[in-house]
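In what follows, chains are A, B, ... by sequence order, proteins preceding strands, each numbered from 1. Scope of the values below: all heavy atoms of this structure, side chains included, with no hydrogens, waters or symmetry mates. Bear in mind that the values here come from a model prediction, so they are computed numbers and not experimental data.
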Amino acid sequence: DSGVTQTPKHLITATGQRVTLRCSPRSGDLSVYWYQQSLDQGLQFLIQYYNGEERAKGNILERFSAQQFPDLHSELNLSSLELGDSALYFCASSVGFGETQYFGPGTRLLVL
Amino acid sequence: DAKTTQPPSMDCAEGRAANLPCNHSTISGNEYVYWYRQIHSQGPQYIIHGLKNNETNEMASLIITEDRKSSTLILPHATLRDTAVYYCTWGYAGGTSYGKLTFGQGTILTVHP
């Protein structure tokens, strides 16, 4: 158990819908990272937040957005969902930035 | 961005050492080498990381060549539970502005009885 929690574990929705994935970092960690893992693209970095502020962006689509709240939990919002958004979404956290990241168990999203 | 290269798959007998190589010839001087593993579709599990010295922890040892162009992860006594995809990746050392990890395809390690 890494100490990072993610909810929900599974999510099934339809194309065009919007979903929110939630992540709670390890106690004391200020950085949160989001990654997407699909069969064809592998594990890809989406976005990083540090103490409430966006610090880095990766291959995140404009339909996707994220935020980190004052209590340091983070949410990843996915809108106008397409079939190709079906994937595992992982959250990771670290004490600061540039330090060891610990991953949560992931949310499996299935878009039908 | 630096790039890592790993063999797509490896086999190992239970109880023997598993040596997983990684080439990271384009890594720069302030970038750590990180190793993670992923069992089935669980979240990647941190194993070990290093900058230029060899490192050892309760899970594994990491040997980094002097020129830092390659490294080897060693699982000293592999068990069936070590069957997983092993990722060699890299991340900026502390003090920089961000710390994203870049993952390749990894090595599928299969440990046989």
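- Linking Ile, Leu, Val, Met, Phe, Trp and Tyr whenever their side-chain heavy atoms come within less than 4.5 Å leaves B:Phe103 and A:Leu46 in two separate clusters.
- A:Gln44 does not touch chain B: none of its heavy atoms, backbone or side chain, sits under 4.5 Å away.
- A 6.0 Å sphere centred on CD1 of B:Ile108 holds no more than 12 heavy atoms belonging to other residues, nucleotides or ligands.
- Around atom CZ of B:Arg16, no more than 12 heavy atoms belonging to other residues, nucleotides or ligands sit under 6.0 Å away.
- A:Phe64 and A:Trp34 fall within the same hydrophobic cluster, where Ile, Leu, Val, Met, Phe, Trp and Tyr residues are linked whenever their side-chain heavy atoms come under 4.5 Å apart, directly or through other members.
- Counting Ile, Leu, Val, Met, Phe, Trp and Tyr side chains that sit under 4.5 Å apart, directly or through other members, B:Ile74 shares a hydrophobic cluster with B:Ile63.
- Remark: side-chain polar atoms of A:Tyr35 are paired, donor with acceptor, to backbone N or O of B:Leu101 under 3.5 angstrom.
- A heavy-atom distance below 4.5 Å is not found between the side chains of B:Tyr32 and A:Thr100.
- Transitive grouping of hydrophobic side chains (ILVMFWY, heavy atoms separated by less than 4.5 Å) keeps A:Phe45 and A:Leu21 in distinct clusters.
- For residues 36-43 of chain B, a heavy-atom distance under 4.5 Å to chain A picks out B:Tyr36, B:Gln38, B:Ser41, B:Gln42, B:Gly43, given by residue number.
- Within 6.0 Å of CZ on B:Arg68 lie more than 12 heavy atoms contributed by other residues, nucleotides or ligands.
- Both B:Met10 and B:Trp35 belong to a common hydrophobic cluster when Ile, Leu, Val, Met, Phe, Trp and Tyr are linked at side-chain heavy-atom distances under 4.5 angstrom.
- Crowding of B:Gln105 atom CD: a count of heavy atoms from other residues, nucleotides or ligands under 6.0 Å not exceeding 12.
- Listed by chain and number, the hydrophobic cluster partners of A:Ile12 are A:Leu110, A:Leu112, where partners are ILVMFWY side chains within reach of under 4.5 Å, directly or through others.
- One hydrophobic cluster, built from ILVMFWY side chains closer than 4.5 Å, cannot hold both A:Phe103 and A:Leu11; they sit in different ones.
- Applying a 4.5 Å heavy-atom cutoff, the residues of residues 73-93 of chain A that approach chain B are A:Leu88, A:Phe90.
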